[in-house]
Amino acid sequence: MRLVIARCQVDYVGRLTAHLPPARRLLLVKSDGSVSVHADDRAYKPLNWMSPPCWMTETTEGETIKWVVTNKAGEELRITIDGVELDSSHELGIDPGLVKDGVESHLQELLAEHVETLGTGYTLVRREYMTAIGPVDLLCRNADGGTVAVEIKRRGEIDGVEQLTRYLELLNRDPVLSPVSGVFAAQVIKPQAKTLAVDRGIRCVTLDYDVLRGTESTEFRLF
């Protein structure tokens with residue numbers, strides 16, 4: 001991984017255009033070729049980025065460094081760099097990945113086996129569908145053949161919705177998969193998380209662990 005802290009201007013040119021005026025930022029270049037631009041006011045989401053497959057050219061004009069990152073669709077992330085404060089490279093090795101707790105991991109297995117729980121006509125494409133920023137729990141197709149990304153949690157909170165939002169933003173850049181919709185599935189979903197999900201067009205599904213396991217609830221019933 002290459003880390004660069006410098007004053008830079010960023011322009012994204014493609015299906016949409018975006019401009020970041022000159023400011024001090026952190027630039028990350030990962031081994032998979034992805035490039036992302038970060039500010040100091042958020043925990044994880046970059047200001048702009050280019051996902052793999054992509055390639056970067058770097059040129060120097062006097063004291064100015066120019067990066068042009070191009071993806072297979074011909075879109076470009078143009079970064080003009082002045083006043084480099086840090087430029088270092090580090091070998092992180094292979095990451096073992098996120099280890100989920102037993103219940104959450106089992107929920108993913110069960111939902112993959114009973115994907116029709118999400119809706120009539122749903123089919124599973126793949127579990128742990130890998131992206132440049134991590135694996136999507138389930139990638140599915142709905143009855144209309146549309147791609148659906150599913151994030152599974154034991155407790156559905158705002159950070160889970162944010163995580164799924166990042167996946168959707170990335171997946172919708174892939175013309176083979178797009179348009180990609182989202183499903184946020186959990187045993188319990190907090191009201192704030194549900195409100196945020198609905199606002200972002202993400203459908204919420206409450207999972208019954210016992211029903212997915214095919215066991216009866218131990219709660220007392222009147223009938």
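Count residues from 1 along the sequence.
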>> To the nearest 0.5 Å, what is the distance between CD1 on I152 and CG on L207?
In response: 7.0 Å
> Can you name the residues that form a salt bridge (Lys or Arg N to Asp or Glu O under 4.0 Å) with R141, not counting sequence neighbours?
Replying inline: none
> Does anything in residues 189-202 pair up under salt bridge (Lys or Arg N to Asp or Glu O under 4.0 Å), and if so which pairs, sequence neighbours excluded?
Replying inline: E157-K190, E162-R200
>> Using the side chain to side chain donor-acceptor pair (under 3.5 Å) criterion, which residues pair with N172? Sequence neighbours excluded.
In response: none
> Does any pair with a residue in residues 18-33 pass salt bridge (Lys or Arg N to Asp or Glu O under 4.0 Å), and if so which ones, sequence neighbours excluded?
Replying inline: R24-E85
> Atom OG of S105 and atom CG of D137: how far apart are they, to the nearest 0.5 Å?
Replying inline: 9.5 Å
>> Nearest 0.5 Å, please: how far is CD1 in I79 from CD1 in I81?
In response: 6.0 Å
> R155: what forms a side chain to side chain donor-acceptor pair (under 3.5 Å) with it, not counting sequence neighbours?
Replying inline: none
> If you link I, L, V, M, F, W and Y whenever their side-chain heavy atoms are under 4.5 Å apart, who else ends up in the same group as V198?
Replying inline: none
> When rounded to the nearest 0.5 angstrom, what is the spacing between CZ in R126 and CG in L138?
Replying inline: 12.0 Å
> Between atom CG of L168 and atom CG of L177, what is the distance when rounded to the nearest 0.5 Å?
Replying inline: 11.0 Å
>> If hydrophobic clusters are built from ILVMFWY residues whose side chains come within less than 4.5 Å, do M50 and L20 share one?
In response: yes
> Which residue pairs pass the side chain to side chain donor-acceptor pair (under 3.5 Å) test with at least one member in residues 109-118, sequence neighbours excluded?
Replying inline: none
>> Testing the 3.5 Å rule here: is there a donor-acceptor pair between the side chains of Q163 and K153?
In response: yes
> Is there a side-chain contact between E151 and Y167 (heavy atoms, below 4.5 Å)?
Replying inline: yes
> What pairs meet the side chain to side chain donor-acceptor pair (under 3.5 Å) rule with one or both residues in residues 7-17, with sequence neighbours excluded?
Replying inline: Q9-D11, D11-H19, Y12-E75, Y12-R173, R15-E75
Only pairs under 3.5 Å count here: list side-chain donor-acceptor contacts from residues 51-61, not counting sequence neighbours, and write none if there are none.
unit_1	atom_1	unit_2	atom_2	d
S51	OG	W49	NE1	3.4
E58	OE1	R2	NH1	3.1
E58	OE1	W67	NE1	3.4

>> Would you say that Q108 contacts R127 through its side chain, given a criterion of any heavy-atom pair below 4.5 Å between the two side chains?
In response: yes
> Who else is in the cluster with L86 when I, L, V, M, F, W and Y are joined by side-chain contacts under 4.5 Å?
Replying inline: M1, L3, I5, L26, L28, L92
> Roughly how far, to the nearest 0.5 Å, is OH of Y122 from CG of N142?
Replying inline: 5.0 Å
> side chain to side chain donor-acceptor pair (under 3.5 Å) with T80: which residues, sequence neighbours excluded?
Replying inline: none
> Are any non-hydrogen side-chain atoms of L139 and E128 less than 4.5 angstrom apart?
Replying inline: no
> Of V150, L171, V180, which meets side-chain contact (heavy atoms from CB on, under 4.5 Å) against V136?
Replying inline: L171
>> Test of understanding: with side chain to side chain donor-acceptor pair (under 3.5 Å), list the residues that count as partners of T64, not counting sequence neighbours.
In response: D82
> Can you check whether L170 reaches I133 side chain to side chain, under 4.5 Å on heavy atoms?
Replying inline: yes
